[in-house]
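The structure appears below as structure tokens.
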Amino acid sequence: MTAPSVSNGTTRSLIWFRKALRVHDNPALAAGIARAKSAQPVFVLDPWFCKPSRVGANRMRFLLQSLRDLDATLRERGSSLLVLHGEPRVVLPRACKTWKVDLVTWEHDIEPYAKMRDTAVRGALERAGVECASSSGHTLYDVEEMLAKCHGKPPTTYSQFLKIVDKMGAPAAALDAPKAMPAPFTGTAEETKELVAGVADAYGIPTLEELGYEAMHDDEGFQAIGGETEGLRRLRRQLSRTEWVHTFQKPDTNPTTLFHALGAKKPKPKSPFEIAARDAGSKNDATNTAANSDMLMTPSTTALSPYMKFGCVSPRVFYHELNAVLAKFEGKGQPSQPPVSLMGQLMWREFYYLVGAGTPNFDKMEGNPICRQIPWNKDRELFAAWENAQTGFPWIDAAMTQLRLEGWIHHLARHAVACFLTRGDLFVHWEWGRDTFDRDLVDADWALNNGNWMWLSCSCFFYQYFRVYGPHSFAKKYDKDGAYVKHYLPVLKNMPAKYVYEPWLAPLDVQKKAGCVVGVDYPAPIVDHATASKACIDKIATAYAAHKDATAVAGKKRKAGE
DNA sequence: ACTTTGTTGGTGTT
DNA sequence: AACACCAACAAAGT
């Protein structure tokens with residue numbers, strides 16, 4: 001597709017970046033500059049989300065890095081990013097008045113807060129005579145078009161969803177990045193200073209500390225650098241592993257792959273994501289043995305999710321470049337297929353966006369028509385033990401520690417801790433766990449997060465509640481020696497492999513010798529797994545039976561009414 | 001009414 | 001590594 005270019009237009013446009021922190025394949029950006037004489041890209045740091053209780057430090061750091069990268073990329077094109085601070089419904093109309101803006105463009109967003117915010121902003125701007133234009137870009141397809149294809153009622157199974165995808169045809173081609181930008185119109189106005197007040201940076205990009213976060217050191221937390229530049233680099237490096245791309249099967253990937261503690265021989269890797277790129281050609285990783293220690297260096301997944309969440313990488317670019325790689329393999333054996341293939345992963349994202357957009361109260365149990373009504377408890381003590389990595393189950397606590405420290409855990413680790421909190425052991429409400437993930441994950445994405453929590457709690461999409469992840473057995477098949485657990489829970493580092501996943505079974509003298517006495521140095525398990533999971537299964541069975549009765553009654557009523 | 005399918009369970013046997 | 005068995009779900013297709 002041809003690149004949008006600087007035109008001889010007359011419009012003063014404001015391009016409002018929210019997600020889509022990129023210049024490539026950005027329809028809102030293209031619309032903003034199409035007939036512009038001048039254009040100003042802006043991002044609004046909204047106090048609604050700019051706080052540690054809503055967005056954890058890892059994700060906030062990633063966002064700020066992405067903004068700096070976007071600013072640099074825009075500067076290369078003769079523009080720059082201005083970051084405004086305040087409520088969008090207040091700040092944007094004020095900015096438009098100050099700079100006599102004619103047109104504001106942005107990308108559609110389906111999240112409830114975003115929808116409310118955008119409606120308010122649009123109302124205020126249109127009342128002031130400013131034209132508003134929004135376009136689709138965060139998903140492969142326009143969500144509204146997909147909703148039309150399923151008559152407003154999204155499927156709750158992946159196979160039905162693929163039929164919708166089939167009807168949609170291939171996603172549109174990606175737009176190129178503009179080679180040059182219209183002149184920005186801030187920086188000359190004194191008012192700019194007022195709008196970015198309180199921030200040292202003249203263009204308003206704050207530091208973590210300025211936002212009230214504790215400073216993070218370079219070797220802490222999520223290490224992948226946010227932004228379009230790095231996102232595209234990582235996408236292409238991943239796609240260059242053609243054999244791996246061809247055979248990728250998500251369920252075969254390893255949630256305990258250790259990226260940090262690989263011993264003195266190899267340089268200490270900075271993060272899962274630093275390693276992601278490092279090795280081309282290795283297959284899905286297997287178990288933790290010396291023979292395949294190189295595979296250990298390979299994260300099992302692409303680690304691109306944070307870049308997708310913020311729109312640093314366009315899903316359509318991902319799709320088309322992935323397709324190009326797959327095309328080269330035609331005739332060289334069956335490639336993996338959705339739902340487990342890489343393309344399948346992209347489609348899961350699309351699936352959850354569709355269901356999330358088309359389901360009322362998608363992020364709640366009550367009032368959510370696709371969500372099973374289950375009498376979850378709201379036990380603060382159990383929940384706190386889970387969230388603070390104090391359950392006494394090393395695999396669960398290690399994963400929760402990695403989440404807290406790094407803002408990222410493998411998909412299957414997310415399964416394990418989500419199952420444990422909800423239907424597997426603690427029977428705590430999935431909405432509580434959802435909130436923790438929403439705050440702490442670098443890649444937290446409303447539609448995907450809520451969808452996955454419903455999946456794991458057997459509230460929707462998945463219903464085999466008797467299949468429970470063992471909190472002391474699941475990780476063992478990937479990591480027999482417990483290297484992952486020992487890395488994140490150093491208190492267990494001298495525990496013999498035999499007891500790493502179940503330290504309470506170790507004889508007291510073994511615990512003492514390892515320097516880890518259960519109940520003193522490390523918590524005793526908060527529940528007996530066998531008893532707890534049985535109780536959970538019973539409760540869900542009861543709830544399911546009630547649901548069945550209710551649907552049967554509703555069906556009869558409907559019949560009688562006709 | 002019945003069968004098949006469903007991204008990613010655990011345990012035990014060969 | 002592959003398979004049966006556990007106990008048995010929902011949704012879609014026949």
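Chain letters run A, B, ... following the sequence lines, proteins first and then strands; every chain starts at 1. Small disclaimer: the values here were computed from a predicted structure and weren't measured.
Within residues 335-354 of chain A, the residues having any heavy atom under 4.0 Å from DNA chain B are, by residue number, P339(A), V340(A), Q345(A), W348(A). Of all the residues in residues 155-171 of chain A, T157(A), Q160(A), K163(A) reach under 4.0 Å from DNA chain C with at least one non-hydrogen atom. DNA chain C lies under 4.0 Å from at least one heavy atom of each of the following residues of residues 451-470 of chain A: Y463(A), Q464(A), Y465(A), F466(A).
Partners of E111(A) under the salt bridge (Lys or Arg N to Asp or Glu O under 4.0 Å) rule, at least two apart in sequence or in another chain, are K19(A). D25(A) pairs by the salt bridge (Lys or Arg N to Asp or Glu O under 4.0 Å) definition with R316(A), not counting sequence neighbours. Looking at residues two or more places apart in sequence or on another chain, you find a salt bridge (Lys or Arg N to Asp or Glu O under 4.0 Å) between D440(A) and R404(A).
At the heavy-atom level, K548(A) lies under 4.0 Å from the strands shown only through sugar-phosphate atoms. The residue R414(A) sits apart from the nucleic acid: no heavy atom pair falls under 4.0 Å.
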Could you pull out all donor-acceptor pairs under 3.5 Å where a side-chain atom in residues 491-505 of chain A meets a protein atom, sequence neighbours excluded?
residue : atom : partner : partner atom : Å
Y501(A) : OH   : D479(A) : O            : 2.6
E502(A) : OE1  : K476(A) : NZ           : 3.3

Show every donor-acceptor pair shorter than 3.5 Å between a side-chain atom in residues 537-545 of chain A and any protein atom, with sequence neighbours excluded, or say none if there are none.
residue : atom : partner : partner atom : Å
T542(A) : OG1  : D538(A) : O            : 2.9
Y544(A) : OH   : C458(A) : O            : 2.7

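Along DNA chain B, the stretch of nucleotides lying under 4.0 Å from any heavy atom of chain A spans, 5' to 3', dG6(B) to dT11(B). Contact footprint of chain A on DNA chain C: nucleotides with an atom under 4.0 Å from a non-hydrogen protein atom, first to last in 5' to 3' order, dA8(C) to dG13(C).
Counting only heavy atoms from C-beta outward, the side chains of S457(A) and F462(A) never approach each other to under 4.5 Å. At a threshold of 4.5 Å between non-hydrogen side-chain atoms, the residues H472(A) and W395(A) do not count as touching. Counting only heavy atoms from C-beta outward, the side chains of P155(A) and I164(A) approach each other to under 4.5 Å. Residues F383(A) and T436(A) meet the side-chain proximity criterion, which asks for heavy atoms closer than 4.5 Å.
With no hydrogens or angles considered, a side-chain donor-acceptor pair links D397(A) and T391(A) at under 3.5 Å. Between the side chains of H410(A) and N254(A), no donor-acceptor pair is found at a separation under 3.5 Å. Residues E228(A) and H24(A) have side chains that bring a donor and an acceptor to within less than 3.5 angstrom of each other.
One C1' atom belongs to dT8(B), the other to dA12(C), and the distance between them is 22 Å to the nearest Å. A distance of about 22 Å separates the C1' atoms of dC2(B) and dC6(C), rounded to the whole Å. Using P as the reference atom, dT5(B) and dA8(C) are 23 Å apart when rounded to the nearest Å.
Aromatic pair Y158(A)/W348(A): ring centres closer than 6.0 Å. Ring-centre distance between F420(A) and Y469(A): not below the 6.0 Å cut-off.
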- In sequence, state the C-alpha distance, the side-chain angles, and the governing distance for H108(A) and H138(A), and then conclude on ring-ring contact (aromatic ring centres under 6.0 Å, His included). CA-CA 8 Å; H108(A) 287 320; H138(A) 194 62; over 10 Å; no
- Worked check of ring-ring contact (aromatic ring centres under 6.0 Å, His included) between F318(A) and Y307(A): CA-CA 11 Å; F318(A) 196 152; Y307(A) 299 94; over 10 Å; no
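Nearest approach of V417(A) to A399(A), heavy atoms of both residues: CG1-CB, 3.8 Å.
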- Message: As a check on the pairing definition, encode DNA chain C in dot-bracket form, counting Watson-Crick and G-U wobble pairs whose two distances are under 3.5 Å, and using | for partners outside this strand.
- Response: ||||||..||||||
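Applying the salt bridge (charged side-chain N to carboxylate O under 4.0 Å, His left out) definition to pairs two or more places apart or across chains, those involving residues 363-392 of chain A are E387(A)-R439(A).
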